[in-house]
Asker: 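I have a structure I would like to understand better, so I am pasting it below and will then ask my questions one at a time.
One is the number of the first residue; the rest follow in order along the sequence. Small disclaimer: the values here were computed from a predicted structure and weren't measured.
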Amino acid sequence: MRVTFVADHESEPSAFSLGDLCVPPMANVLKVFLENGQTKSFKYDSTTTVQDVVTSLRDKLCLTAGEHFSLVLEHVKSLKRNKLTLLDPQETVARIAARPGAHKLRCLFRVTFVPVSAAGLAQKDLNALDYLFLQCCNDVTQERFAPELQPEVALRLAALHMHQHALANNISPAKLTVKTVE
């Protein structure tokens, strides 16, 4: 099954559009939230699987280390606010949309299988490492896994972010280390 991106358009509401709370949902359109703040919308039918969407996103985002990525559902408008549910790659999107309470879920594209080594991931796929970094920062700022952030962890994340910014602005890596930034 080929998955196609869709532009925003008006149509009949669907239970599983999972759009922003102020945007009306679209029929048979899955809205996937990315860690960089963007959303991608996919038109689906009864045969579209979770894996079809993941593959399309990996291609669109130029990710070669695709074995680390999956779709997850996040509970919104619920007491289980930070609960994430990993989706089976073989399950159809239509079946997920038919679940009770699907309108209270958001679909996220996440690194769900964390690599053993960040250095190894950087050598294999720098885009995947950048995505993982954004995801970690978002998890911290959204208090997704811990209500209190230890000062040491916050300092390390800030140092990594400053390091990334410096490298993106062509500051010599020889002059810059994470320890120096810390």
Asker: Rounded to the nearest 0.5 Å, how far apart are OG1 of T55 and NZ of K60?
Answerer: 14.5 Å
Asker: About how many Å separate OG of S46 and CG of N28, when rounded to the nearest 0.5 Å?
Answerer: 9.0 Å
Asker: Would you call K104 and E74 a salt bridge, taking side-chain N to carboxylate O under 4.0 Å as the test?
Answerer: no
Asker: Answer yes or no: is there a side-chain heavy-atom contact under 4.5 Å between P115 and H68?
Answerer: yes
Asker: Strictly under 6.0 Å, is that where the ring centroids of F109 and F69 end up?
Answerer: yes
Asker: Under 4.5 Å between any side-chain heavy atoms of T112 and V72, yes or no?
Answerer: yes
Asker: Within the 3.5 Å criterion, strictly below it, is a donor on D45 or T48 matched to an acceptor on the partner's side chain?
Answerer: yes
Asker: Taking the side chain as every heavy atom from C-beta outward, state whether V29 and F42 have any pair of such atoms under 4.5 Å apart.
Answerer: no
Asker: Answer yes or no: is there a side-chain heavy-atom contact under 4.5 Å between L30 and C107?
Answerer: yes
Asker: Cut-off 3.5 Å, side chains only: do T49 and D52 have a donor facing an acceptor?
Answerer: yes
Asker: Supply the atom-to-atom distance E35 CD to D130 CG, rounded to the nearest 0.5 angstrom.
Answerer: 11.5 Å
Asker: Tell me, with the steps shown, if Q90 and V50 meet side-chain contact (heavy atoms from CB on, under 4.5 Å).
Answerer: CA-CA 6 Å; Q90 302 310 313; V50 168; over 6 Å; no
Asker: Could you please spell out the steps behind the side-chain contact (heavy atoms from CB on, under 4.5 Å) verdict for L34 and L134?
Answerer: CA-CA 10 Å; L34 306 179; L134 278 173; over 6 Å; no
Asker: Same cluster or not: are V114 and L87 linked, directly or through other Ile, Leu, Val, Met, Phe, Trp or Tyr residues, by side-chain heavy atoms under 4.5 angstrom apart?
Answerer: no
Asker: For the side-chain contact (heavy atoms from CB on, under 4.5 Å) test, which of L73, L108, D139 pairs with L84?
Answerer: L108
Asker: Is any side-chain heavy atom of V53 closer than 4.5 Å to a side-chain heavy atom of V32?
Answerer: yes
Asker: To the nearest 0.5 Å, tell me how far T85 OG1 sits from D88 CG.
Answerer: 12.5 Å
Asker: With side chains defined as the heavy atoms from C-beta onward, is the minimum distance between F113 and L86 less than 4.5 Å?
Answerer: yes
Asker: Please tabulate, for side-chain N and O atoms in residues 119-127, each donor-acceptor pair with protein atoms closer than 3.5 Å (sequence neighbours left out).
Answerer:
unit_1	atom_1	unit_2	atom_2	d
K124	NZ	E67	OE2	2.5
D125	OD1	N127	N	3.1
D125	OD1	A128	N	3.2
D125	OD2	T64	N	2.6
D125	OD2	T64	OG1	3.3
D125	OD2	A65	N	2.9
N127	ND2	C62	O	3.1

Asker: Rounded to the nearest 0.5 Å, what separates atom CZ in R106 from atom NE2 in H75?
Answerer: 12.5 Å
